[in-house]
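In what follows, a structure is listed as structure tokens, so that the remarks can point back to it.
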Amino acid sequence: MASLPPVVVGNTSKLNPEVKKLPSPSVPFDKKNYSTKESDRAFASLSLEFREAFSLIGGDRKIESSSYVPLLQECIDTNSVSGVESIHGHIVKTGYCQELFLMTFLVNTYAKCGMMGSARSVFKEMLDVGGYPTNYTLGIVLNACSSLCDIELGKQIHGYIIKYDLEYDASIGNALCSLYSKCRSLDMAINAFQRIEEKNVISWTAVISACGENGNSAMGLNVFVQMLAEGVQPNEVTLTSVLSICCTLQALDVGTQVHSLSIKIGCGSDLAVTNSIMYLYLKNGCISEAKKLFDGITTISLVTWNAMIAGHAEMTSLAEDGLSAYFYGIEALKIFQRLNRSGLRPDLYTFSSVLTVCSSLVALEQGEQVHAQTLKTGFLSDVVVGTALVNMYNKCGSINRASKAFVEMSTRTLISWTSMITAFAQHGLSQQALQLFEDMRFVGVRPNKITFVGVLSACSQAGMIDQALAYYDMMINEYKINPVMDHYACLVDMFVRSGQIYEAFDFIKKTDLVPNEFIWSILIAGCRSQGQLELGFYAAEQLLELKPKDSETYFLLLNMYLSAGRWKDVSRVRKMMRDEKVDKITDWSWISIRNKVYTFKPGSKKNQASEVAKTLEDLHDRARHLGYQVETNMAIIDEEKEEATALPAHHSEKLAVAFGLLNTSNEAQIRVIKSISMCRDCHNFIKVVSILTSRTIIIRDSKKLHKFFNGHCSCGDFGGLV
DNA sequence: ATAGGGTTAG
């Protein structure tokens, strides 16, 4: 970069008309690469519409250089490498390769089509022949680096900018700011922003987005406030960035104010702004507000559809109970259908969200269809779509296909690796999980705290206490990751599983974090299953002080007190449940067969004399012969029955499984979703049923996935079963 | 022609 020519900044046509034209290049381009013959061949491979547009320009006819711009833009839109080369050849032939603006746009086009080498050589040739880059030119080149995340070239150009003392220029500073933001360097982005002498609304917007994109949303909001304080009027782009930040922060209150502001400054009908507000409402559970906005949009864009789908997907995890979560998922699939019929084509955002919806619905058939669609449209090569596919297969109980999808990915991010490690762990395949973790480290991907949750739970399931503690140590000392509650939960769970209740308790006492209700629940469930009641009662008192919000936690306690005959505690817990308004428990299960959803409540009357009930009774009889003993959990009963001591009706998943067995072919997997956690009795029963029927039975409850096969469950039989 | 809305792991 040492011998680069000087630079003129500003609107060059006004400042210095001469520099607008590049001097005639001595060696303009590598002509053998862009010979007419070559360009004709490339021309032949263009799409029909493209060829027609191109022929309008005419062969050797003298045309406006600006006529190339829409064609180059189309090359960007269709990612047509042959198109750019063809047009480049044409430009060389007509002599427009002296036009600074056109050549700059050509650099941009090459870069956006992924041909950084060509982009670089055109840019270099421009400089070599004495062309003067302007602030605009440099902005475009920086933007090209940004779209390719080519931080190295970006830094070289930054060096050039520093050399000619151009960092103060807003056009350049804005472009640098977004480049560094895209390349995940927030400090550098802020630095670039601060060096701008006269910051404009674009500069402010760029730095606000940079904060949002790099995990510092709170700072983004502060910068926005500062911007308003300095009297800079935001525009619609600023508002979308700020709204996106409100979305991440779940800051509905701020978002609502920004909504008002957008109406006040006349951006209320901007599509991007509307989409952002709609998504914000969806993500915060304000479905009707979101729907109102959606219905008011005259031209629905793909982003609108995607926001609706993603918003509903989000609702499946925010919903208060499993049943409404399920219906949000169904609604998301319906919106996806409407999108498909609307004539717009889904993109990578659509597919990622829809695959997530299939995951939460355990909808394998729909997931397979979406898989086929991603393959056909080419979006499967996107790393996020690929990762979503891995998760879909995992959550539908198909670890083999999850693993296949992972292996077939051409690039993998930290999230891809973590997903696959977690998938193995969730399927009880601890060795594979740990091997993959080592592979990930070997290829130089740095694990984060979520990766370690997967690693620790893999160790926990396999009872690998020493390894778990070693990985825990590695996390803290080698990777400098502070443990969070999930890590403690894995380790407590591990001690409990291996029967070391008091080690688990010691570990809880040793930690710096205050144990939450989840940690105490694991310990209490362990105490119950191992008959360590005194410790259980102690832990229960600690737990009750936290006034748990999860009704299942109370049912765990109720079961413990009931089986110990501690009636005073039973009524105490029941009173607390009424006080905390968590006394409603909705045990629902549902199963989807041939695109129809069947819902089951525990022991519903209508099922008592039905074929389902008969099947279930028959299974119970045969299960008893294999040593299964009914273990009554008296607390979770039909909500209509008050009597806790009454013999419970069948829990809903037993009915759903029986129904599934009756209505599917003999080899088919049974996939059931349950709104609350499985109890120990049902868990034992389904294990035996998997032997009796030689079926794979998958039950996804509110806490985890259970895949039953040949008498075993992938969850490894523990994990706080009520 | 430099700033934007929607996506994946616990």
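Chain letters run A, B, ... following the sequence lines, proteins first, then strands; residues in each count from 1.
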Counting only distance, no hydrogens or angles, is the base of [N] paired donor-acceptor with the side chain of [X] under 3.5 Å?
{"X": "N235(A)", "N": "dA3(B)", "result": "yes"}
{"X": "D347(A)", "N": "dG6(B)", "result": "yes"}
{"X": "N448(A)", "N": "dG10(B)", "result": "no"}

Look at the side chain of [X] and decide which nucleotide, out of [options], has an atom nearest to it.
{"X": "L302(A)", "options": "dG10(B), dG6(B), dA9(B)", "value": "dG6(B)"}
{"X": "I450(A)", "options": "dA9(B), dG4(B), dT2(B)", "value": "dA9(B)"}
{"X": "L271(A)", "options": "dA3(B), dA9(B), dG5(B)", "value": "dG5(B)"}
{"X": "V237(A)", "options": "dA9(B), dA3(B), dG5(B)", "value": "dA3(B)"}
{"X": "I415(A)", "options": "dA9(B), dG6(B), dT2(B)", "value": "dA9(B)"}
{"X": "N275(A)", "options": "dG4(B), dG10(B), dG5(B)", "value": "dG5(B)"}
{"X": "N391(A)", "options": "dG6(B), dT8(B), dA3(B)", "value": "dT8(B)"}

Taking 4.0 Å as the cut-off, does a side-chain nitrogen or oxygen of [X] come that near to OP1 or OP2 on [N]?
{"X": "Q426(A)", "N": "dG10(B)", "value": "yes"}
{"X": "K395(A)", "N": "dT8(B)", "value": "no"}
{"X": "N135(A)", "N": "dA1(B)", "value": "no"}
{"X": "S301(A)", "N": "dG6(B)", "value": "no"}
{"X": "S209(A)", "N": "dA3(B)", "value": "no"}

Tell me the interatomic distance from [X], atom [atom1], to [N], atom [atom2], rounded to whole angstroms.
{"X": "F452(A)", "N": "dG10(B)", "atom1": "CZ", "atom2": "P", "result": "17 Å"}
{"X": "L389(A)", "N": "dA9(B)", "atom1": "CG", "atom2": "P", "result": "13 Å"}
{"X": "N306(A)", "N": "dG5(B)", "atom1": "CG", "atom2": "P", "result": "13 Å"}
{"X": "L280(A)", "N": "dG5(B)", "atom1": "CG", "atom2": "C1'", "result": "12 Å"}
{"X": "N174(A)", "N": "dA3(B)", "atom1": "CG", "atom2": "C1'", "result": "7 Å"}
{"X": "E213(A)", "N": "dA3(B)", "atom1": "CD", "atom2": "P", "result": "10 Å"}
{"X": "I300(A)", "N": "dG6(B)", "atom1": "CD1", "atom2": "P", "result": "18 Å"}
{"X": "I297(A)", "N": "dG6(B)", "atom1": "CD1", "atom2": "P", "result": "14 Å"}

Q | Ring centres under 6.0 angstrom apart (W204(A), F193(A)) | A | yes
Q. Quick check, are the ring centers of Y471(A) and F437(A) under 6.0 angstrom apart?
A. yes
Compute whether any side-chain donor of one residue and acceptor of the other, for [X] and [Y], lie under 3.5 angstrom apart.
{"X": "D347(A)", "Y": "N306(A)", "result": "yes"}
{"X": "S276(A)", "Y": "S244(A)", "result": "no"}
{"X": "S146(A)", "Y": "N143(A)", "result": "no"}
{"X": "S460(A)", "Y": "D493(A)", "result": "yes"}

Q: Answer with base, sugar-phosphate or nothing: what part of the nucleic acid does N143(A) contact at a heavy-atom distance below 4.0 Å?
A: sugar-phosphate
